[in-house]
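Structure first, then comments.
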Amino acid sequence: MVRRTKEEAAITREHLLDTAESVFLREGVARTSLQRIAEAAGLTRGAIYWHFKDKAEVFNAMMERVRLPCEAAHDAQEQSLTQDTDPVEALRAFAWVPIARMLDDERTRRVFTIAIHCTEYSDEMRPALERHIAAIEDFRSRAERLIAAGQARGLLDAAVSARSASIGFIALVDGMLSRATLLPVEAGAVEGYRGGIEVFLRGLQQDESKV
């Protein structure tokens with residue numbers, strides 16, 4: 001009986017978080033109350049307070065259910081890099097992981113959209129913003145190391161500072177992620193995003209006529 005009660009409580013909690021996602025996305029976090037989430041979930045206000053003490057706790061729990069796009073790229077890179085890795089190919093793959101996650105994973109797209117477009121960050125919700133900032137900076141610094149490795153091998157133009165190139169790189173990727181939150185995933189999206197990454201990489205590549 002106790003086990004069943006725990007399972008039912010877990011199901012109810014997930015239902016509340018699913019509902020919160022939908023309401024936050026539709027109405028914005030600031031304009032959403034716990035009462036509104038409870039009503040949309042078909043539950044009482046007491047039921048939501050059983051699981052969450054306030055709206056910030058609901059928001060943070062919702063954020064914790066997903067890996068942010070740039071965090072997914074970190075995971076993939078840790079698993080794939082070896083001493084023999086071509087840094088340019090690694091940079092290409094690294095750029096694509098967060099874009100693919102946004103295009104392919106509906107929950108990630110919803111939650112990321114809420115995080116960057118539907119939220120005014122209070123002190124209680126600031127950990128989610130700090131997590132996002134940290135993920136972006138870690139992504140940039142990893143890209144900088146790959147760019148520097150490509151320059152050291154003569155594959156990328158050393159006339160451009162690796163740090164400056166990495167700032168441009170994260171601006172490109174972050175812009176694509178933002179675009180994916182604002183527009184539906186249209187036909188040709190994959191080719192378009194991949195093409196944008198290729199244009200950027202070609203701009204970084206060594207001009208053989210000057211070597």
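Both backbone and side-chain heavy atoms feed into the values below; hydrogens, waters and symmetry mates do not. Here the structure is a predicted model, which is why all the values come from computation and not from measurement.
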| said: Assess the residue pair F24 and I37 against the criterion (side chain to side chain contact (heavy atoms under 4.5 Å, CB included)); give the C-alpha distance rounded to whole Å, side-chain angles, the decisive distance to 0.1 Å, and a yes or no. | reply: CA-CA 9 Å; F24 285 158; I37 295 170; 4.0 Å; yes
With the side chain counted from C-beta on, respond yes when [X] and [Y] share a heavy-atom pair under 4.5 Å apart, and no when they do not.
X: E124; Y: E57; result: no
X: F139; Y: L68; result: no
X: I114; Y: V29; result: yes
X: M63; Y: H132; result: no
X: W96; Y: R194; result: yes
X: R65; Y: D18; result: yes
X: T108; Y: R67; result: no
X: L201; Y: L91; result: yes

| According to the interplanar angle, ranging from 0 to 90°, do the rings of Y121 and F59 count as parallel (below 30°), tilted (30 to 60°) or perpendicular (above 60°)? | perpendicular
Once you round to the nearest 0.5 Å, how far does [atom1] of [X] lie from [atom2] of [Y]?
X: H51; Y: E14; atom1: NE2; atom2: CD; answer: 10.0 Å
X: E21; Y: E106; atom1: CD; atom2: CD; answer: 9.5 Å
X: L25; Y: C118; atom1: CG; atom2: SG; answer: 5.5 Å
X: L146; Y: L156; atom1: CG; atom2: CG; answer: 9.5 Å
X: I99; Y: L177; atom1: CD1; atom2: CG; answer: 4.0 Å
X: R110; Y: M62; atom1: CZ; atom2: CE; answer: 10.0 Å

Examine [X] and [Y] and state if one hydrophobic cluster contains both, with Ile, Leu, Val, Met, Phe, Trp and Tyr joined whenever side-chain heavy atoms are less than 4.5 Å apart.
X: V199; Y: F94; value: no
X: I11; Y: Y49; value: no
X: V23; Y: L34; value: no

Give the minimum heavy-atom separation between [X] and [Y], together with the two atoms involved.
X: R163; Y: S166; value: O-OG, 2.7 Å
X: P98; Y: C70; value: CB-N, 4.0 Å
X: A165; Y: L204; value: CB-CD2, 3.7 Å
X: P69; Y: R101; value: CA-CD, 4.2 Å
X: F52; Y: A61; value: CE2-CB, 3.9 Å
X: F169; Y: A95; value: CZ-CB, 3.3 Å

| message | Go through it in stages, so that I can follow the logic: the residues are I167 and R140, the test is side chain to side chain contact (heavy atoms under 4.5 Å, CB included), and I'd like the CA-CA distance, side-chain angles, deciding distance and then a yes or no. | response | CA-CA 7 Å; I167 291 171; R140 187 210 60 76; 3.9 Å; yes
Check: [X] side chain, [Y] main-chain N or O, donor-acceptor pair, under 3.5 Å:
X: R109; Y: L103; result: yes
X: R31; Y: E27; result: yes
X: Q151; Y: V160; result: yes
X: T32; Y: G28; result: yes

| query | What's the verdict on side chain to side chain contact (heavy atoms under 4.5 Å, CB included) for R179 and Y193, showing C-alpha distance, side-chain angles and the deciding distance? | reply | CA-CA 10 Å; R179 177 183 173 85; Y193 288 123; 3.4 Å; yes
Looking at [Y] and [X], is there a salt bridge between them, counting it only when a charged N and a carboxylate O are closer than 4.0 Å?
X: E130; Y: R126; value: yes
X: R142; Y: D138; value: yes
X: R45; Y: E39; value: no
X: R92; Y: D86; value: no

| query | If you count the non-hydrogen atoms of other residues, nucleotides and ligands that lie under 6.0 Å from CZ in R107, is the total more than 12? | reply | yes
| query | How far apart are the C-alpha atoms of E144 and I147, what are their side-chain angles, what is the distance that settles it, and do they pass the side chain to side chain contact (heavy atoms under 4.5 Å, CB included) test? | reply | CA-CA 5 Å; E144 181 178 354; I147 291 166; 5.7 Å; no
| Are side-chain N/O atoms of T181 and H117 paired as donor and acceptor at under 3.5 Å? |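 The answer is yes; a qualifying pair exists.
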